[in-house]
Q: 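Structure provided below as structure tokens; questions to follow.
Chain A is the first sequence line, chain B the second, and so forth, proteins listed ahead of strands; every chain is numbered from 1. All heavy atoms count here, side chains included; hydrogens, waters and symmetry mates do not.
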There are 2 protein chains.
Amino acid sequence: MNPIEIKQQLKRFLNSSEILEDSTALLVDQRKRYTGYADIIVQPESVEHVRQLMAFCFANRISVTPQGGNTGLCGGAVPNGGVLLNLSKLNRIREINVADNAITVDSGVVLQNVQEAASKAGRFFPLSLASEGSCQIGGNIACNAGGLNVLRYGAMRDLVLGLEVVLPNGELISHLNPLHKNTTGYDLRHLFIGSEGTLGVITGATLKLFAQPTIKETAWVGVQSIEQAVTLLSLVQGAFSGRLSSFELISQFALTLSADFSQSREPIEAPWHVLMELTDSVAREDLGTLLAEFLMDNGFENAVLAHSESERSELWRLRENISAAQRNLGVSIKHDIAVPIARVAEFVENCGKALQTAFKDIQIVVFGHLGDGSLHYNTFLLDISDNRVYEYENAVNEVVYANVFQCEGTIAAEHGIGQIKKHWLPKVRSETELNLMRAIKKQLDPYNIMNPGKLLPEPDKWL
Amino acid sequence: MNPIEIKQQLKRFLNSSEILEDSTALLVDQRKRYTGYADIIVQPESVEHVRQLMAFCFANRISVTPQGGNTGLCGGAVPNGGVLLNLSKLNRIREINVADNAITVDSGVVLQNVQEAASKAGRFFPLSLASEGSCQIGGNIACNAGGLNVLRYGAMRDLVLGLEVVLPNGELISHLNPLHKNTTGYDLRHLFIGSEGTLGVITGATLKLFAQPTIKETAWVGVQSIEQAVTLLSLVQGAFSGRLSSFELISQFALTLSADFSQSREPIEAPWHVLMELTDSVAREDLGTLLAEFLMDNGFENAVLAHSESERSELWRLRENISAAQRNLGVSIKHDIAVPIARVAEFVENCGKALQTAFKDIQIVVFGHLGDGSLHYNTFLLDISDNRVYEYENAVNEVVYANVFQCEGTIAAEHGIGQIKKHWLPKVRSETELNLMRAIKKQLDPYNIMNPGKLLPEPDKWL
């Protein structure tokens, strides 16, 4: 299909504002090393239009180069013909969820705008790099961007909770939820992160947020050798651990260049330099003070602060003994679930009511890791003898999981799928995703000899 | 092949100590819910024997169920015939690397032994869960285990730096390095994490270590509702950020059960309970004190501590202006590399010498994120005119990357592969891995329309 025909066809479903007439700047990378060419340059204004575009290109075998802020250093976003798909117009901040420390954005949002939106909500998005004023989240994800704060917060890969991706054939994979724990089958998210636009088009992402650092301690240290810098790093990490957010090494020559350029003085003379920063967010230093204020504000005076290691162990023993203790109630039907933290209360209330309506004499033991939204939600059918409990498992699961799905949660936070839950997998992963998992499985294990019958449902249908 | 034949064949390459005669306990899961069966149970004593076993089973279409500590809650390690491959005898701690905060272990090492080995080295391995005294690292990875410290340190997925995996056909994929940044193609590591033994056999892993928490503040708080607990969580996260390591929700009923079982008193009466812990590792509170001691110990008095936001900006400006400043030197051949932190000094020295030997008038600008081992290593050929510099790129790359490989580093820490480095990919990823990437790519994008010609080398050979 020639460029004119492609354009005519695209006009059937794209607005004229989505087709760029003259944007040759987008065909050159920022270092001006590669100059590409394209039959057409498009800037879709909706995910639906990206889907339609990909379905069209797939059907017509037209190649597509996704592009964000075009700030890449390796020429990965320069097209070699076909469609240049610039994502700049997918630029909405979709949602900020403070309880779950999560933000959901279109992939075309500029990194700095994500930082600012987080900041307005009293939170912090830590990815920070030289091109943050123009690079886009989708490109950051496609390249697994790093930058200045990887030490404390991880690279982009570590900051992505969920992804929305249009596959080459136009199908959509979407897991834009703020769950911090979710282990249901092969983690396809990490296939797309770092795949540089070769597996699909990232159109949206849910990203992790953190507390805003309010205190910054910054030091410049001259050292005689890199070995000495490494010793200092070990020392600072040992002393300040997770608070160390940057530890930059700079050669004397790099400093001289930069100081000349900046018309600054060099802070120190030394063969090697370290710029380090510790960040913290301690608004009030003392946990006791914070708790006293919280309890006063909430009119409920109930807190114990451990004052010794033995008091501490005693508190933890109560948490750790729950599992053993509940065995006295008989055989349990366990649920290893997670829902967004903001919806835990709603889930516990609604699911409890639903179970009590459906099963008489059901006892529910609820505990878990509220900090990451995951609950051990264990149910006991007190009127059923132990050896018959599992006959009711599917019926109990159906009630519990319906409530989990209602709250956009997961049925497998940290125990896996195994045999127990594999027939539930099609409820939480789409047919597209299951097919992809099967293809990966088939490529690696063509005769299905690895742990057959676990995790993936219906192996007979795909071998 | 019947069980007797299988056994005879296995004896050709397995020691008799690796073939278990009577271990029916391993056929039942810990909750005694599933009872499996196996033709034979083996406990290989080396990775090589795992490879031989898988190659044999692959050739003979015999299924294999990998098993670690057999503590799973979903029946994922119970065999349905074939070989039960118990990893307990792969139980060596292979290496501890304090500078890179990394530990490399066999997959059969019990979690608690990893915690203890880290502790002996003055570091902390944070994964902590009920079965830590018997569960194994391989199972933790296969199931992406969670537990008590996910909030601060992440789940197992977040703690794995590198993996060694035997594929179903007996091939080995191994990336047991401590690099915190490495983006060279599709991240296959994350395919295996959480895949529950269905894609291959995990035989080793390099895991992240952290500073040992020396201060623990533990509090038990009674709240009237889950909503109130969520409010408290937000408050504590806002105030103490990354120091919050646990935030556990416990229902009154769960507490009563546990207190009765523990013969303890309930610390507080309330409808819902929160057990929270803040951990810190501040041996010496003040960065200034630490720096003064470091400088005194190292006989080199050179450090500036920022005392105001403007002093801080001034220091950071020097770091940030390096890239712009170096353009005055002309066109650069950039390298976005990372090596283990412990080897940065060695790399800089050897690579500098090698470049100076190979190219006269070469100028090297070194700076980067020492905290995560990644360097921007930029080279300038001062005697070559700007428009001819790239003719020398491969020759410069060859010297630089040879030194990177010598130090077990990566050629792409945070900028990606794109067009610039794709011909280098076969140097850093094995043919097995490239084939897997191609298969995944082919499954998702059968007509190679997504960003063709980027990232993966030689697309013409596989379509």
Side-chain angles (χ1 to χ4, degrees), chain A residues 63 73-76 143-144 146 150-151 168 183 187 190 194 196-198 211 218-222 226-227 241-242 247 249-251 254 257-258 261-262 267-268 281 283 302-306 312 321-322 325 345 365-367 370-372 414-416 418-420 439 443 445 449 451-452 455, chain B residues 63 73-76 143-144 146 150-151 168 183 187 190 194 196-198 211 218-222 226-227 239 241-242 247 249-251 254 257-258 261-262 267-268 281 302-306 312 321-322 325 345 365-367 370-372 414-416 418-420 439 443 445 449 451-452 455:
Chain A
S63 69
L73 295 167
C74 294
C143 297
N144 186 24
V150 173
L151 187 56
T183 305
D187 196 316
H190 284 290
E196 304 188 21
T198 64
T218 311
W220 192 290
V221 186
I226 296 181
E227 287 86 346
S241 184
F247 195 94
L249 179 74
I250 299 166
S251 72
L257 281 177
S258 181
F261 181 88
S262 316
I268 269 167
S281 54
N302 261 326
V304 172
L305 202 59
R312 187 184 158 262
N321 276 346
I322 296 172
V365 178
V366 184
F367 63 104
L370 182 62
D372 36 58
E414 57 181 19
H415 295 166
Q419 300 179 46
I420 288 183
Q443 167 68 16
D445 184 14
I449 67 168
N451 210 3
L455 187 57
Chain B
S63 69
L73 294 168
C74 294
C143 297
N144 186 23
V150 173
L151 187 54
T183 303
D187 196 317
H190 284 291
E196 303 188 20
T198 64
T218 311
W220 193 289
V221 186
I226 296 180
E227 286 87 346
S241 183
F247 195 94
L249 178 75
I250 300 166
S251 72
L257 281 176
S258 181
F261 180 88
S262 318
I268 271 168
S281 53
N302 262 326
V304 172
L305 202 59
R312 187 184 158 262
N321 276 344
I322 296 171
V365 178
V366 183
F367 62 104
L370 183 62
D372 37 60
E414 55 181 20
H415 294 167
Q419 301 179 46
I420 289 183
Q443 167 68 17
D445 184 13
I449 66 168
N451 210 3
L455 186 57

Q: Go through the atoms of Glu227(A) and report whether side chain, backbone, both or neither lie under 4.5 Å from a heavy atom of chain B.
A: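 Backbone plus side chain of Glu227(A), per the 4.5 Å heavy-atom cut-off to chain B.
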
Q: Looking only at heavy atoms, what is the nearest atom pair of Val365(A) and Leu257(B), with distance?
A: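 Looking at all heavy atoms of both residues, the closest pair is CG2-CD1, 3.7 Å.
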
Q: For each of Pro168(A), Cys143(A), Gly76(A), tally heavy-atom pairs with chain B at distances under 4.5 Å, and name the one with the top tally.
A: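 Of the options given, most contacts go to Pro168(A).
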
Q: So which atom in Leu151(A) and which in Gly371(B) form the shortest heavy-atom distance, rounded to 0.1 Å?
A: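 It is CD1-O, 2.9 Å.
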
Q: Among Gly418(A), Ala345(A), Ser258(A), who wins on heavy-atom pairs under 4.5 Å with chain B?
A: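 Among Gly418(A), Ala345(A), Ser258(A), the one with the most close pairs to chain B is Ser258(A).
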
Q: Count the heavy-atom pairs under 4.5 Å between each of Ala306(A), Gly197(A), Gly416(A) and chain B, then report the option with the highest count.
A: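 Most pairs with chain B among the choices: Gly197(A).
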
Q: Dump the intermediate steps for side-chain contact (heavy atoms from CB on, under 4.5 Å) on Ile268(B) and Val304(A), then the final yes or no.
A: CA-CA 8 Å; Ile268(B) 271 168; Val304(A) 172; 3.7 Å; yes

Q: Among the options Asn144(A), Val366(A), Ile250(A), pick out the one with the most heavy-atom pairs lying under 4.5 Å from chain B.
A: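 Heavy-atom pairs under 4.5 Å are most numerous for Val366(A).
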
Q: In terms of heavy-atom pairs under 4.5 Å with chain B, which of Ala219(A), Pro267(A), Ala325(A) leads?
A: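 That would be Ala325(A).
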
Q: Write down the atom of Leu370(B), the atom of Leu249(A), and the distance for their closest heavy-atom approach.
A: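 Residues Leu370(B) and Leu249(A), closest heavy atoms: CB-CB, 3.8 Å.
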
Q: Where does Gln443(B) contact chain A at under 4.5 Å (heavy atoms): side chain, backbone, both or neither?
A: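 The side chain, not the backbone.
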
Q: Is the backbone of Arg312(B) close enough, under 3.5 Å, to the side chain of Thr218(A) for a donor and an acceptor to pair up by distance?
A: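 No.
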
Q: Ignoring hydrogens and geometry, is there a side-chain-to-backbone donor-acceptor pair from Glu196(B) to Leu455(A) under 3.5 Å?
A: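 Flag not set: sc Glu196(B) to bb Leu455(A) has no pair under 3.5 Å.
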
